[in-house]
There are 2 protein chains.
Amino acid sequence: MFESIDPRSPTPLYEQIAARVRVAVAAGELSAGNALPSVRTLARDLRVNPATVVQAYRDLAMDGFVEIRHGQGTFVQDVPRFMRDEERTAQAEKLVRKLLQDAARLGISAEEILQVLSVETGVDIRE
Amino acid sequence: MFESIDPRSPTPLYEQIAARVRVAVAAGELSAGNALPSVRTLARDLRVNPATVVQAYRDLAMDGFVEIRHGQGTFVQDVPRFMRDEERTAQAEKLVRKLLQDAARLGISAEEILQVLSVETGVDIRE
DNA sequence: GTCACTGTATGGGTTAACTGGTACAGTACG
DNA sequence: CGTACTGTACCAGTTAACCCATACAGTGAC
């Protein structure tokens, strides 16, 4: 499951690990209640420090993807629980802000982005 | 023109400076051939180190927004040369696709993103 | 309690990004 | 030539991110 960790990648190890878990959950490889590998087990398998795995798991816990239980393990959260509407909106806002920042760097206005996005989604916008 | 520099912002100073120039070019405040403030002048105005301004200018030169001439100054590039409309749209589409991918990863639909973006930009959308 | 598992906390080493200070180099004008 | 402007190069200090090593703490079965 975690065969794709690349120490030479510019993206941090902990982020690679977290990303792998995210797609596993999204793809249904991991269901609610399933336990993730223990920090030590995964650390050994990936030849990485336990603290690095912890960082990945904490990252996931922050977003509500998993629940960490001290002494028991780390478990995939109930899907409806891991992301309620407010949290989803917060995540969406975060993504949008990042997009607008990237766009501004290229001299692309928010309106242009909105235009493209509306085409992409097939939703009309009022001018 | 460069009144909006914030030393306490998490985004680097040189990036703030470069971003300001980018939007100025995009908005037509600066046209092709126009000279940017000299590194020393701008550094003094912003109470920043000349090297920081240089970094911003080099960043812009990398993307082709400006041309740096040693001993003469830094000049805005011909607009049609650094990014024509089609290229702008292509860039925008690229950004949007990436956004939608990230959103999907979090289980957020395109419609939700559009909703947030419309709020962010103050543009209404038809349901 | 003891043992074998789980996550946690803290501090250190390495590296890279960021910013600044100062001296160097090209250009234009008189 | 000299002067006054332009960008350039180099090095140092600070900070933050990343990763590791190791000791600490909770849980459950025996």
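Residue numbering restarts at 1 for every chain, and letters A, B, ... go by the order of the sequence lines.
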Inset, instruction - Would you mind telling me which residue lines up with the more 5' stretch of DNA chain D, A:Arg47 or B:Ile68, judged by nearest nucleotide? - result: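 By nearest-heavy-atom nucleotide position, the 5'-most residue is B:Ile68.
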Legend entry - Closest-nucleotide 5' rank along DNA chain D - winner of B:Arg40 and A:Pro12: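 This one resolves to B:Arg40.
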Nearest-angstrom distance from the residue atom [atom1] of [X] to [atom2] of [N]:
{"X": "B:Leu42", "N": "D:dT8", "atom1": "CG", "atom2": "P", "answer": "14 Å"}
{"X": "B:Tyr14", "N": "D:dT15", "atom1": "OH", "atom2": "P", "answer": "19 Å"}
{"X": "A:Leu13", "N": "D:dC20", "atom1": "CG", "atom2": "C1'", "answer": "11 Å"}
{"X": "B:Asn49", "N": "D:dA9", "atom1": "CG", "atom2": "P", "answer": "15 Å"}
{"X": "A:Gln55", "N": "D:dA16", "atom1": "CD", "atom2": "P", "answer": "16 Å"}
{"X": "A:Tyr57", "N": "D:dC19", "atom1": "OH", "atom2": "C1'", "answer": "17 Å"}
{"X": "A:Arg8", "N": "D:dC19", "atom1": "CZ", "atom2": "P", "answer": "15 Å"}
{"X": "A:Arg58", "N": "D:dC19", "atom1": "CZ", "atom2": "C1'", "answer": "16 Å"}

Inset, instruction - Using a 4.0 Å heavy-atom cut-off across all strands, classify B:Val48 as base, sugar-phosphate, or nothing. - result: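 Sugar-phosphate contact only - B:Val48 comes under 4.0 Å of backbone atoms but never of a base.
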Legend entry - Sugar-phosphate only, base, or nothing, as touched by A:Arg69 at under 4.0 Å among non-hydrogen atoms: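 Counting heavy atoms under 4.0 Å across all strands, the contact made by A:Arg69 is with sugar-phosphate only.
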Legend entry - Nearest-nucleotide pick for A:Ala51, side chain only, options being D:dA21, D:dG7, D:dG26: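 Selected nucleotide (nearest to the side chain): D:dA21.
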Legend entry - From D:dT8, D:dG28, D:dC18, nucleotide with atom closest to A:Gln72 side chain: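 So the side chain of A:Gln72 is nearest to D:dG28.
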Inset, instruction - Would you check, one step at a time, whether the test side-chain contact (heavy atoms from CB on, under 4.5 Å) holds for B:Tyr57 with B:Val39? - result: CA-CA 8 Å; B:Tyr57 283 9; B:Val39 292; 4.0 Å; yes
Inset, instruction - Using a cut-off of strictly less than 4.0 Å, decide whether B:Thr74 has a side-chain nitrogen or oxygen near OP1 or OP2 of D:dG7. - result: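 Yes, B:Thr74 has a side-chain N/O under 4.0 Å of OP1/OP2 on D:dG7.
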Inset, instruction - Would you mind reporting whether A:Thr74 and A:Arg69 have side-chain heavy atoms less than 4.5 Å apart? - result: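 Not in contact.
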Legend entry - Side-chain ion pair, A:Arg22 and A:Asp63, N-O less than 4.0 Å: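 Yes.
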Legend entry - A:Glu29 and A:Arg20 ion-paired at < 4.0 Å: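 A salt bridge links A:Glu29 with A:Arg20.
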Legend entry - Residue of the set B:Leu95, B:Ile113, B:Leu100 for which side-chain contact (heavy atoms from CB on, under 4.5 Å) holds with A:Leu99: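 That would be B:Leu95; it is the only one of B:Leu95, B:Ile113, B:Leu100 passing the side-chain contact (heavy atoms from CB on, under 4.5 Å) with A:Leu99.
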Inset, instruction - Heavy atoms only: give me the nearest A:Ser31-A:Val76 pair and the separation to one decimal. - result: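 Minimum heavy-atom contact is O-CB, 3.3 Å.
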Inset, instruction - Would you confirm whether A:Ser118, through its side chain, and A:Gln115, through its main-chain N or O, come within 3.5 Å as a donor-acceptor pair? - result: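 Yes; at least one donor-acceptor contact below 3.5 Å.
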Inset, instruction - Considering only heavy atoms of chain B and a distance under 4.0 Å, specify the first and last nucleotide of DNA chain C in 5' to 3' order that meet this criterion. - result: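 Footprint of chain B along DNA chain C, 5' to 3': C:dC18 to C:dA28.
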